[in-house]
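Data block below; observations after.
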Amino acid sequence: MERPRVIINVAQSLNGMIAGPGGRRVTISSGHDRKRVLEIRSKVDAVIVGANTVVNDNPRLTLEGHLPDHSHGPMRVILDGTLKIPENSHVLDGTSRTLVFTWNQQKDLKGAELVRMSRESLTISRILEALWAMGVRNVLVEGGKQVIHEFIDAGAVDEFHIFVGNVLIEGGGMILFDPPDDISGVMNDIQVMEGGLLISLDPHSLMISWKKKVKAF
Ligand SMILES: NC(=O)c1ccc[n+]([C@@H]2O[C@H](COP(=O)([O-])OP(=O)(O)OC[C@H]3O[C@@H](n4cnc5c(N)ncnc54)[C@H](OP(=O)(O)O)[C@@H]3O)[C@@H](O)[C@H]2O)c1
């Protein structure tokens with residue numbers, strides 16, 4: 001079955017956190033890193049995030065006017081089984097198309113097109129299949145942790161970039177790969193950038209190690 005190409009991008013602190021305590025948003029990216037992410041956004045058909053990312057961070061997921069040759073930007077895709085994102089979320093502001101994948105069969109959400117599926121059908125492979133059928137050929141997954149893990153579980157990752165920002169998040173927080181996740185030898189490339197490091201993982205090795213880890217527990 002064909003599926004869109006999947007790029008995962010995430011920013012983490014020096015101590016491995018992608019969010020502060022209780023999912024609090026922390027600025028980790030530098031100006032150069034934000035520009036790099038906007039450039040990827042400008043080249044994909046859709047940007048995907050989970051419901052908690054919308055609830056906690058309220059991102060716009062647009063091109064933020066940085067790249068004027070793309071007037072609309074990518075479609076915004078939210079995975080929100082229960083339809084918990086607030087009605088005043090930026091992703092519902094109508095500035096670009098927003099799809100919400102949900103198993104909630106009752107509620108409506110102004111500003112989004114709802115793709116209602118059964119709870120069992122809302123797997124990453126079925127979501128990618130549905131997006132492919134709509135003409136989506138490449139996607140950028142921007143978080144959060146649960147959604148990123150679901151893409152790795154599904155074996156649906158073609159590029160994986162982690163920006164490690166020059167930031168330490170104290171007082172606990174959300175770590176992308178929790179101990180005892182013990183995965184080594186998955187780094188492809190590393191670049192020094194303004195404000196941090198850009199690490200690219202080898203998705204193939206990551207997914208093989210991940211499957212071994214899941215079997216071991
Ligand atoms: N540093 C970074 O680069 C970065 C980027 C993005 C987010 N974040 C952080 O990550 C945190 C959120 O991560 P998270 O792991 O809590 O949540 P998340 O991955 O953003 O969202 C998880 C939620 O999405 C819904 N969902 C997930 N898979 C689904 C599916 N297949 N079908 C339908 N709905 C699905 C579920 O909502 P329901 O339970 O309602 O169904 C689930 O609770 C935020 O605090 C944010 O700050 C960091």
Side-chain angles (χ1 to χ4, degrees), residues 3 6-30 33-34 36-38 40-41 46-61 76-86 89-91 98-107 109 112 114-131 139-157 159-169 171-178 181 193 195-201:
R3 64 158 174 83
V6 175
I7 303 170
I8 294 182
N9 188 80
V10 66
Q12 71 168 51
S13 66
L14 287 173
N15 53 339
M17 305 293 172
I18 66 165
R24 180 174 53 84
R25 184 173 187 270
V26 179
T27 301
I28 299 170
S29 287
S30 64
D33 184 55
R34 273 192 292 281
R36 178 189 64 82
V37 175
L38 287 172
I40 304 177
R41 271 190 203 163
V47 176
I48 302 181
V49 296
N52 292 350
T53 295
V54 175
V55 172
N56 293 348
D57 297 0
N58 195 14
R60 291 179 199 277
L61 303 177
R76 304 179 281 198
V77 175
I78 319 301
L79 308 188
D80 186 1
T82 53
L83 282 189
K84 67 179 165 194
I85 65 168
S89 301
H90 288 316
V91 291
T98 298
L99 289 189
V100 176
F101 281 83
T102 184
W103 59 71
N104 184 313
Q105 307 294 333
Q106 268 93 44
K107 211 175 139 185
L109 200 53
L114 300 185
V115 183
R116 297 189 208 262
M117 290 162 72
S118 68
R119 195 171 187 146
E120 311 73 59
S121 310
L122 267 172
T123 61
I124 295 304
S125 55
R126 295 290 294 274
I127 290 165
L128 288 174
E129 198 181 315
L131 290 172
V139 301
L140 173 63
V141 179
E142 294 201 37
K145 176 178 180 168
Q146 182 185 330
V147 165
I148 291 174
H149 282 213
E150 282 181 52
F151 275 85
I152 305 172
D153 285 340
V157 187
E159 282 180 45
F160 197 136
H161 306 290
I162 302 178
F163 177 78
V164 182
N166 190 8
V167 175
L168 280 169
I169 297 177
M174 182 181 281
I175 199 157
L176 183 58
F177 297 115
D178 295 291
D181 289 1
M193 286 180 65
L197 296 174
L198 180 65
I199 296 174
S200 298
L201 302 186

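Both ligands and their constituent atoms are indexed starting at 1 by order of listing. Positions are given from 1, in the same order as the sequence printed here.
- Contacts with ligand 1 closer than 4.0 Å are made by heavy atoms of both the backbone and the side chain of D80.
- Taking every heavy atom of V10 and a limit of under 4.0 angstrom, the matching atoms of ligand 1 come to 2 (C), 3 (O).
- The residue from G22, G173, G165, A51 that puts a heavy atom closest to atom 23 (C) of ligand 1 is A51.
- The side chain to side chain donor-acceptor pair (under 3.5 Å) test applied to R24 returns no partner, not counting sequence neighbours.
- W103 counts as a contact of ligand 1, since one of its heavy atoms falls under 4.0 Å from the ligand.
- Taking every non-hydrogen atom of G81 and a distance limit under 4.0 Å, the qualifying atoms of ligand 1 come out as 33 (C), 34 (N), 41 (O).
- Of all atoms in ligand 1, numbered sequentially from 1 with element shown, those under 4.0 Å from a heavy atom of T82 are 38 (P), 40 (O), 41 (O).
- Atoms of ligand 1 lying under 4.0 Å from at least one heavy atom of A11, given by number and element, are 1 (N), 2 (C), 3 (O).
- Listed by atom number, the atoms of ligand 1 under 4.0 Å from G23 heavy atoms are 44 (C), 45 (O), 47 (O).
- Here Q12 has no heavy atoms under 4.0 Å from ligand 1, in either its backbone or its side chain.
- If you look at K84 next to ligand 1, the close heavy atoms, those under 4.0 Å, all belong to the side chain.
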Assess whether side-chain contact (heavy atoms from CB on, under 4.5 Å) is satisfied between V77 and L131, documenting all intermediate values. CA-CA 9 Å; V77 175; L131 290 172; 4.1 Å; yes
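- Here the protein heavy atom with the shortest distance to atom 4 (C) of ligand 1 is I18 O, 4.0 Å.
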Go through the steps for K107 and T82 under the test side-chain contact (heavy atoms from CB on, under 4.5 Å), then give the verdict. CA-CA 9 Å; K107 211 175 139 185; T82 53; over 6 Å; no
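- Nearest to atom 19 (O) of ligand 1 by heavy-atom distance, out of I28, V147, L122, I127, is V147.
- Of all atoms in ligand 1, listed by their number and element, those nearer than 4.0 Å to a heavy atom of G144 are 7 (C), 10 (O), 13 (O), 18 (P), 19 (O), 20 (O).
- Here the shortest heavy-atom distance to atom 25 (C) of ligand 1, taken over I169, V49, L79, I148, belongs to L79.
- Few gaps surround CZ on R3; more than 12 heavy atoms of other groups in view lie less than 6.0 Å from it.
- The contact set between ligand 1 and N56, taken as ligand atoms under 4.0 Å from a residue heavy atom, comprises 44 (C), 45 (O).
- If you check which protein heavy atom lies closest to atom 42 (C) of ligand 1, you get Q146 OE1, 3.3 Å.
- At the shortest separation from atom 28 (N) of ligand 1 among protein heavy atoms lies E150 OE2, 2.6 Å.
- Of all atoms in ligand 1, numbered sequentially from 1 with element shown, those under 4.0 Å from a heavy atom of G143 are 6 (C).
- Remark: S200 engages H161 in a side chain to side chain donor-acceptor pair (under 3.5 Å) (not counting sequence neighbours).
- In this structure, atom 12 (C) of ligand 1 lies nearest to the protein heavy atom T53 OG1, 3.7 Å.
- Proximity of D57 to ligand 1, defined as any heavy-atom pair under 4.0 Å, is confined to the side chain (atoms from C-beta onward).
- Of all protein heavy atoms, the one lying nearest to atom 6 (C) of ligand 1 is E142 O, 2.9 Å.
- Between the side chains of K84 and N52, at least one donor-acceptor pair of N or O atoms lies under 3.5 Å.
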